[in-house]
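Everything below concerns the one structure shown next.
Positions are given from 1, in the same order as the sequence printed here. Remember, it's a predicted structure, so these values are computed and weren't measured experimentally.
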Amino acid sequence: MRVLGGLLVLVLLAGSVTPAAAAGAAFELAAGVSAPIHSYEGAIRETVWVDIGTDLDRDGAGDRIAADIIRPAEPAARGQRVPVIMDVSPYYACCGRGNEAQKKTYAPDGTPLGFPLFYDNYFVPRGYAVVLVDAGGTNRSRGCFDDVPSGRGVVDWLNGRATGYSAVEGGTPVEADWTTGAVGLVGKSQDGATAIGVASTGVDGVRTIVPIAGVSSYYEVHNSNGAWHGPGGGPPGLLNPRAEELCQPWMAEQAELAGTDGDYNRYWESLNYVHQAHRVRASVFAVQGFTDLNVRTIQFGPWWDALGAHGVTRKAWLHQAAHVDPFDLQRPEFVHTLHRWLDRWLLDVRNGIEHEPAVHREAAVDQWVDERRWPPANARPVTLRPDTGGGLGRKPANGVESIVDDPDLTGYDWIRQPAEPSTARVVFTTEPLDQPTWLAGTGSVTVKVRSSTPRARVGAMLVDYGPATVRATYQGAPGIRNLETRSCWGESGPGDSACYLDTETATESVDHQLLAAGWADLGHHRTLWRGEDLRPERYYTMTFPLSTVDKLVPAGHRIGLVLGGTDAFWIPTPSQRPALDIDLGGTSVSVPVAGPEQ
């Protein structure tokens, strides 16, 4: 077992438990963190099926959600209560979790045996319970895939507000009399989105959330400013066979509510957690990769800003890899930080972590710095304007540039070889920067465009042009590679190892980097709530956000704005291929500058 910081004299802190833990959730500290004093192999393992009060599969019975639990036996024997680390996921049977795609496993009698990820191995000996919840309609849960009610229902059960049962059908009621009711929701990707969604309900009991690349607004997953991305859907085998059969009517209803016209509507508003940030009562420790294509950075920036505006206690871990867990980037540092964070909010250990620099960020490959806040206080929007000579600067210019939409090309195609002529895109670049320039925050682009067809899409790319060695993340590569060695984090037990493949940084040499991107349907220039047909003789002006950026652009590099039509990587091919005239006098990009600018 590998323990960070070493073990010092153990101190019993019976008086340091939370008010919710008044029944006695004893734990011990060593070197300022909860110590591994309980047996992992001897821990209690059980499954409880929680009735969450819905019947989405319409079988005439309440939907029961499977919660697989592992908790230390010693506190239970003494009548002491423990807090809960909870991960709600649809992937425990179909796809697995973590870098090694771990799935849940069970003993022949159905008792949970293998718990994916390191949370159980590391934290159960330290006085926590770990509860891995199958989202509705997946693995051993009933109902349909509706993740937030699944998670909230289990939180309610942990706090005595819902009924749990010993079996998926029938069974006897089971009480969660072993927990303080304090819950920390963790998870990556969809699991992180669920953590955000549950916290956004304001449910009592959720003390903190740790979303890793979590979605904060589902509209931006399936649409970009009026441009629909095409049919969605999860990976094969996501739903269990029962849900595949019974949930077809419910899923059809959800698809109809979502629509395929790119319009923002009440359905998408209900799934916009940015607009629900005022309901969050938990602290937040968010993680985001700035080259992540699975969960783009537009999911992080606006939500992070909204949390700050509503006074939510926040911490962030920002990196230059793609869809990667920081456990596979800075393993010792992340585990230690997560440990202190969960101790603070679930065990009420007054370790001061909330008063330390809020943001840990990868400023360059494997170069990490701490910031008191992000974006920094001096960050400001700087407007850059294109000109007919291909320049990008502070002065406005007149003129028109024309392109023909080529739906076979992607944004990656647009930004390559900027000096070569192309009918599918236009490129504008600044002069070489006199000094390094830190871009941090969420920018936007304004375009004034005339289309030859009633419908047209516009894509905008913000690019760093210049040679660099970066994490290898082109088109979704992770930016890490697995090694053959393993390191262990916590205790292993039968059927569940605490040892995980080590990783190292994977790099590549490039001559340009995509910093931020945005796409829009020009017919939604008035409002995202309703699109309209375009008139070929008219110019239309539309402003839309770019994805959130965090990048230090080196001196000597150029910042580029690249404009195109349909991006084949994201947007379905339009029925007609428009010619687009771009009025440069009405076109600009707002760049969030947090450091020296030219």
Side-chain angles (χ1 to χ4, degrees), residues 49-66 88-95 133-156 162 168-169 189-191 193-198 200-201 203 214-276 279 295 299 521 524 527-531 571-572:
W49 280 267
V50 178
D51 189 327
I52 64 171
T54 62
D55 183 16
L56 299 183
D57 57 17
R58 302 171 190 178
D59 65 349
D63 296 329
R64 292 190 182 183
I65 301 301
V88 183
S89 180
Y91 299 131
Y92 289 127
C94 81
C95 313
V133 179
D134 297 329
T138 70
N139 199 19
R140 300 202 294 176
S141 283
R142 293 290 173 87
C144 303
F145 179 65
D146 198 6
D147 61 321
V148 171
S150 298
R152 174 166 181 159
V154 176
V155 172
D156 283 339
V168 68
E169 293 180 341
S189 197
Q190 174 60 62
D191 308 12
T194 304
I196 293 171
V198 173
S200 297
T201 70
V203 61
V215 171
S216 64
S217 177
Y218 277 94
Y219 176 81
E220 283 78 13
V221 174
H222 300 278
N223 308 271
S224 289
N225 304 292
W228 182 56
H229 289 179
L238 179 73
L239 298 180
N240 57 46
R242 189 177 186 279
E244 283 281 8
E245 176 184 354
L246 297 181
C247 293
Q248 292 301 321
W250 182 81
M251 290 189 294
E253 291 171 2
Q254 299 303 296
E256 184 177 358
L257 290 171
T260 60
D261 53 13
D263 288 354
Y264 191 81
N265 56 36
R266 292 181 180 177
Y267 174 82
W268 296 121
E269 177 65 15
S270 72
L271 296 172
N272 189 335
Y273 306 135
V274 176
H275 293 175
Q276 300 170 30
R279 300 178 184 171
V295 176
Q299 299 291 345
D521 176 77
H524 287 79
T527 174
L528 294 185
W529 290 78
R530 181 176 56 84
I571 312 296

Looking only at heavy atoms, what is the nearest atom pair of Trp228 and His222, with distance? CD1-O, 3.5 Å

Between Leu257, Asp263, Leu528, Asn223, which is the residue that forms a side-chain contact (heavy atoms from CB on, under 4.5 Å) with Trp268? Asn223

Would you name the heavy atoms of Tyr91 and Ser89 that are closest together and state the gap between them? N-OG, 3.0 Å

Any donor and acceptor pair, going by atom type alone, linking the side chain of His524 with main-chain N or O of Ala227 inside 3.5 Å? no

What pair of heavy atoms forms the shortest contact from Pro249 to Arg58, and how long is it? CB-NH1, 3.6 Å

Compare all side-chain heavy atoms of Asp521 with those of Asn225 and state whether any distance is below 4.5 angstrom. no

Pro90 versus Asp191: any side-chain heavy-atom pair under 4.5 Å? yes

Between the side chain of Thr194 and the main-chain N/O of Asp147, is any donor-acceptor distance below 3.5 Å? no

Between Gln276 and Ser270 (side chain of the first, backbone of the second, donor and acceptor by atom type, cut-off under 3.5 Å), is there such a pair? yes

Can you check whether Ala66's main-chain N or O pairs, donor with acceptor, with Ser141's side chain at less than 3.5 Å? yes

Drop me the distance from Ser200's OG to Arg152's CZ, to the nearest 0.5 angstrom. 11.5 Å

Do the side chain of Asn139 and the main chain of Ala93 share a donor and acceptor less than 3.5 angstrom apart? no

Distance-minimising heavy-atom pair for Ala135 and Thr138: O-OG1, 2.6 Å

So how far is it from Tyr273 OH to Arg279 CZ, rounded to the nearest 0.5 Å? 10.5 Å

Criterion salt bridge (Lys or Arg N to Asp or Glu O under 4.0 Å) on Arg242 and Glu169, from CA distance to verdict: CA-CA 14 Å; Arg242 189 177 186 279; Glu169 293 180 341; 5.1 Å; no

Gap separating the CZ atom of Phe145 from the CD atom of Gln190, nearest 0.5 angstrom: 4.0 Å

Nearest heavy atoms of Leu56 and Trp250, plus distance in Å: CD2-NE1, 3.5 Å

Hey, is CZ on Arg530 packed in by over 12 heavy atoms from elsewhere, all under 6.0 Å? no

Look up atom CG in Asn240 and atom CD in Glu245, then write down how far apart they are to the nearest 0.5 Å. 11.0 Å

Walk me through whether Val50 and Arg64 qualify under side-chain contact (heavy atoms from CB on, under 4.5 Å). CA-CA 5 Å; Val50 178; Arg64 292 190 182 183; over 6 Å; no

As an exercise, state the distance from CZ of Arg140 to CH2 of Trp49, rounded to the nearest 0.5 Å. 4.5 Å

Is any side-chain heavy atom of Thr201 closer than 4.5 Å to a side-chain heavy atom of Val148? yes

How far does CD1 of Ile52 sit from OG of Ser150, to the nearest 0.5 angstrom? 4.5 Å

Checking the side chain of Tyr219 only, and the main-chain atoms of Gly262 only, is there a donor and an acceptor separated by less than 3.5 Å? yes

Heavy-atom closest pair, residues Gln254 and Tyr267: OE1-CE1, 3.3 Å

Ignoring hydrogens and geometry, is there a side-chain-to-backbone donor-acceptor pair from Asp57 to Cys247 under 3.5 Å? no

Mark yes or no for whether Asp146, through its side chain, and Gly136, through its backbone, hold a donor-acceptor pair below 3.5 Å. no

